[in-house]
Amino acid sequence: MKCLPVVQLLLAAAAPIRAALSWQNVNIGGGGGFIGGIVYHPTAKGVAYARTDIGGLYRLNADDSWTAVTDSLATNEKWGSWGVDTVAIDAQDPSKVYAALGMYTNDWDPNNGVIARSSDKGATWSITELPFKVGGNMPGRGMGERLAVDPKNSKIIYFGARSGNGLWKSVDGGVTFAKVSSFTNTGPYIATPGDSYNGDKQGLSFITFDSTSAVANGATSRIFVGTADNVTASVYVSTDAGSSWTAVPGQPQSYFPHKCKLQPAEKALYLTYSDGTGPYDGTQGGIYRYDITNGTWKNITPVSGSDLYFGFGGLGVDMLKPGTLVAATLNSWWPDAQLFRSTDSGTTWSKIWEWANYPTQNWYYGLHTDNAPWISAGFISQDSKRLGWMIEALEIDPLDSNHWLYATGLTVFGGHDLTSWDTVHNVSLSVLANGIEEMAVQGLASPPGGSELLAAVGDDNGFTFKSSSDLGTSPKAPWMTPMWTTSTDVDYAGNKPASIVRIGNSAGSQQVAVSTDGGVSWSINYGAGTTQYGGTVAYSADADTILWSSSNAGVLRSQHQSTFGAVASLPSSAVIAADKRNNTVFYAGAGAAFYRSTNTAAFFTAVTGALAGATSVRDIVAHPQVAGEVWVSTSSGLFRSTDYGATFSSAGAGKINDTQQISFGLGSGSTWNLYAFGTGAAGAKLYASADNGATWTDVQGSQGFGAISACRVVGSGNVAGQIYVGTNGRGVFYAKGVISGGSTTTTTTTVKPASTTSSSVKMTSTSTKSAAVTTSVPTTVKTTTTTTSSSAAATGTGTAQQWSQCGGVGWQGATACVAPYGCRSQNEYYAQCL
């Protein structure tokens, strides 16, 4: 059947809508995630693309760096476009590139997939919508490529779909696609029947044209297609340009083909196989050579017996040296991945490392991480797996036998001396992922007067950038000691900005760590148990109390590093925040309810009617400088309180609503900007206000951030007008600009709560899969900023500094303020030097 009508989305027209600010990536560097495929153009030097599972498509540059080319496609509504299931180039036109986009084939992604096509190397795109979903982040995503352009006819494109949807073909250069009814094996393998993620049919695995075959009716006559089928047959061939198909006789059984590469001079196919579809599994497998002329198969697997405890994934074939290839283990979890090279069509192989006298290894390579030193500090030096894991992408430059690239679950390695393997048996490997930023950001903070940026991320733990000048330099190390897989949140103490707390997501050890030097070094908080993990965190202003809304144990509290205990007055999964100036005050929200505590989170009371019309609290942020000022983001928009949450006013009503993450950031002079993801005049995007929500400016422009519900935002506490956005798959973006605004007061409608009551209602947490990866997405981020002094109040008869406490019930410190400031009462519990 025909696809739905093509939607022509010329996303960069003659007069494109420019981003309100100019966005660029914070240079964490090194990639940070899985790359499933790399493709080179066969005749145009330097034209290559790398596809990621959650971070979009990248184009290779002449200096070995990469440029993201699909950001404009990843809008809030089409966030799944950062999932790239396959990519293809046009052998006859190096300016053309095609990609199948979509994140999930289950109900996590609400949209059907698309085929995106570009005729200017990804600068602009046109879109063809498919009548089914595409799974860029689904099982088997390293197989491929599932998309291919006929090398003899650029109008003909084939796409191998998932979910039982079979083989599809375009005859108009990707404008429309129709199902190939003659191809009947839809790839029926299901990894885990009934499972929400692993329970889908994995479909077709690759399409390979035989460019040496004759032309029939204007098309390449011989085409090979792979399927996720380890029972019937997994490799099929057509010799009549796709009119009919048969299983290739004599093919391997019981394994799944991952990669299929043609060596035209040999007129042979090379295929890697594994007993799993990847990218995490594989305990058996093989490598095979298929002689197309003779129709014969040869098992060329490099190892056998007890030495074969892995499947095979990545495969590079040298187009200039027939018979020369490099293959990789898909996953060899111990002691390391292995790379094999053959120069005689797989008859003999050499390894990139081997055992000397156990446990000593002989490494036939040098490994350099200058471009992303944190990879060495946090991974290579901490693990036996130096060469990586999840290796599905491996390519030899078709125009340069010395240039090769391979990708892992963490980064891209490569080099420019591959043929040295055959002479001195030693090659130089480097991290070659500059420009690829694929991290799923879980939390951000920019402490005023402290480190410029703290980023908690999935899979790679987190990173600290001490100053704004560091944003362009890849960190020397991730957060370590403790080193977790994922940090789910980070916060700082308002009066002690060098004091930081972070949360981890791995049960079995304490998942709370603290720092007293701005996130440079860390120590475990042994008040945490070994079974609690994940969630969000709030640090009291003086760094003596940690409030933790965990993923699995409700809301917990620890004071002075004591054992964490349950906060019974808050529902599980509550959104939490700490007042940034008053050490005794914390805030929380759950459902439509707002809570506050004035006794360092020991007990919370619900403020009745605080958030009129709201059905859910999304985020809470306290002003970095003003005690008692707190903003709440809800399903109904923004609410503001200047009395510690006792009363609220709606803010920005009619201008921005359905808000998500919010943050303060240093503005012009002594003012503070407010940033919010929400729905405004330009749609669901990022907005900024310099006048307490009276007016809002679209600061996102045409830059794609994916789903706004999965984004994190924090304004800089130290650089005026600078703002950071954490995405779910494209790392951290930042931009800088002056936000225009009117007065510093907001026209609001005050909501007077009828009363304040305590509550201990239990709420059931709900997991949202919007643009999510396998790590959990936190429900709040502590985003707070300033550049002013945060000195603590003096005690006894001394004087208190600006912003410090100077009075309130039980206060025994200084009650006089340094000139020219006066002690201003905020409420009965707190007075501040203002």
Side-chain angles (χ1 to χ4, degrees), residues 140 143-146 148 150-152 156 158 160-161 164 166-169 180-189 201-217 219-277 282 284-302 304 308 311-313 315 317 322-323 325 327 342 344-347:
M143 292 175 157
E145 294 297 318
R146 294 176 170 90
D150 190 328
K152 303 293 181 61
I156 296 175
Y158 281 90
L167 183 65
W168 290 68
K169 179 182 179 180
V180 179
S181 59
S182 61
F183 192 91
T184 58
N185 189 329
T186 59
Y189 174 71
K201 295 178 181 179
Q202 294 194 21
L204 308 190
S205 54
F206 67 79
I207 298 161
T208 302
F209 285 94
D210 178 7
S211 60
T212 70
S213 65
V215 175
N217 297 319
T220 299
S221 59
R222 187 179 292 114
I223 314 164
F224 295 90
V225 173
T227 68
D229 183 350
N230 62 347
V231 177
T232 306
S234 60
V235 181
Y236 290 79
V237 64
S238 173
T239 58
D240 54 13
S243 295
S244 62
W245 302 84
T246 58
V248 178
Q251 65 182 276
Q253 297 291 323
S254 74
Y255 296 149
F256 300 99
H258 280 238
K259 301 292 181 178
C260 177
K261 302 290 181 65
L262 172 73
Q263 214 304 333
E266 296 182 74
K267 203 165 186 177
L269 296 179
Y270 290 93
L271 299 94
T272 54
Y273 286 84
S274 178
D275 60 355
T277 56
Q284 289 288 307
I287 306 176
Y288 286 79
R289 182 181 186 272
Y290 178 66
D291 187 312
I292 297 174
T293 301
N294 297 322
T296 56
W297 292 85
K298 182 181 180 181
N299 185 346
I300 58 171
T301 307
S304 60
L308 181 58
F312 293 87
L315 174 66
V317 176
L325 57 152
S342 175
D344 54 13
S345 302
T347 301

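The analysis underlying the following values was restricted to heavy atoms, covering all of them including side chains, and did not include hydrogens, waters or symmetry mates.
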If I take atom [atom1] from residue [X] and atom [atom2] from residue [Y], how far apart are they, to the nearest 0.5 angstrom?
X: K261; Y: R289; atom1: NZ; atom2: CZ; answer: 16.0 Å
X: N230; Y: S274; atom1: CG; atom2: OG; answer: 10.5 Å
X: D240; Y: N217; atom1: CG; atom2: CG; answer: 9.5 Å
X: I300; Y: I287; atom1: CD1; atom2: CD1; answer: 6.0 Å
X: Y236; Y: S182; atom1: OH; atom2: OG; answer: 12.5 Å

[X] to [Y] - nearest heavy-atom pair and separation:
X: T301; Y: G286; value: OG1-CA, 3.2 Å
X: S345; Y: E266; value: OG-OE1, 2.8 Å
X: G276; Y: H258; value: O-NE2, 2.8 Å
X: W168; Y: V180; value: C-CG2, 4.1 Å
X: G242; Y: I223; value: N-CD1, 3.9 Å
X: P151; Y: S211; value: CG-CB, 4.1 Å

Tell me whether [X] contacts the main-chain N or O of [Y] through its side chain, where contact means a donor paired with an acceptor under 3.5 Å.
X: K152; Y: V215; value: no
X: S221; Y: A214; value: yes
X: R222; Y: V237; value: no
X: D150; Y: A219; value: no
X: Q251; Y: S234; value: yes

Taking the side chain as every heavy atom from C-beta outward, state whether [X] and [Y] have any atom pair closer than 4.5 Å.
X: F312; Y: P302; result: yes
X: L167; Y: I207; result: yes
X: M143; Y: F256; result: yes
X: T227; Y: T186; result: no
X: L262; Y: I292; result: yes

**OP:** Give a yes or no on this: more than 12 heavy atoms of other residues, nucleotides or ligands lie within 6.0 Å of atom NZ of K267.
**Re:**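 Yes, the 6.0 Å shell around NZ holds more than 12 heavy atoms from other groups.
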**OP:** Inspect the surroundings of CG in N294 and state if more than 12 heavy atoms from other residues, nucleotides or ligands are less than 6.0 Å away.
**Re:**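 Result for CG/N294: enclosed.
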Subject >> CA sep, side-chain torsions, deciding dist, call: Q284, L308, side-chain contact (heavy atoms from CB on, under 4.5 Å) >> reply: CA-CA 7 Å; Q284 289 288 307; L308 181 58; 3.8 Å; yes
Subject >> Derivation of the side-chain contact (heavy atoms from CB on, under 4.5 Å) call for T347 and K298 >> reply: CA-CA 10 Å; T347 301; K298 182 181 180 181; 3.5 Å; yes
**OP:** Any chance you could lay out the side-chain contact (heavy atoms from CB on, under 4.5 Å) test for L271 and C260, step after step, and finish with the verdict?
**Re:** CA-CA 4 Å; L271 299 94; C260 177; 3.9 Å; yes
**OP:** Test Y189 against D229 for side-chain contact (heavy atoms from CB on, under 4.5 Å), laying out the working first.
**Re:** CA-CA 6 Å; Y189 174 71; D229 183 350; 5.9 Å; no
**OP:** May I ask you to decide if the ring planes of W297 and Y290 are parallel, tilted or perpendicular, using 30° and 60° as cut-offs?
**Re:** tilted
**OP:** Please work out whether the ring planes of Y255 and Y273 are parallel, tilted or perpendicular, with thresholds of 30° and 60°.
**Re:** tilted
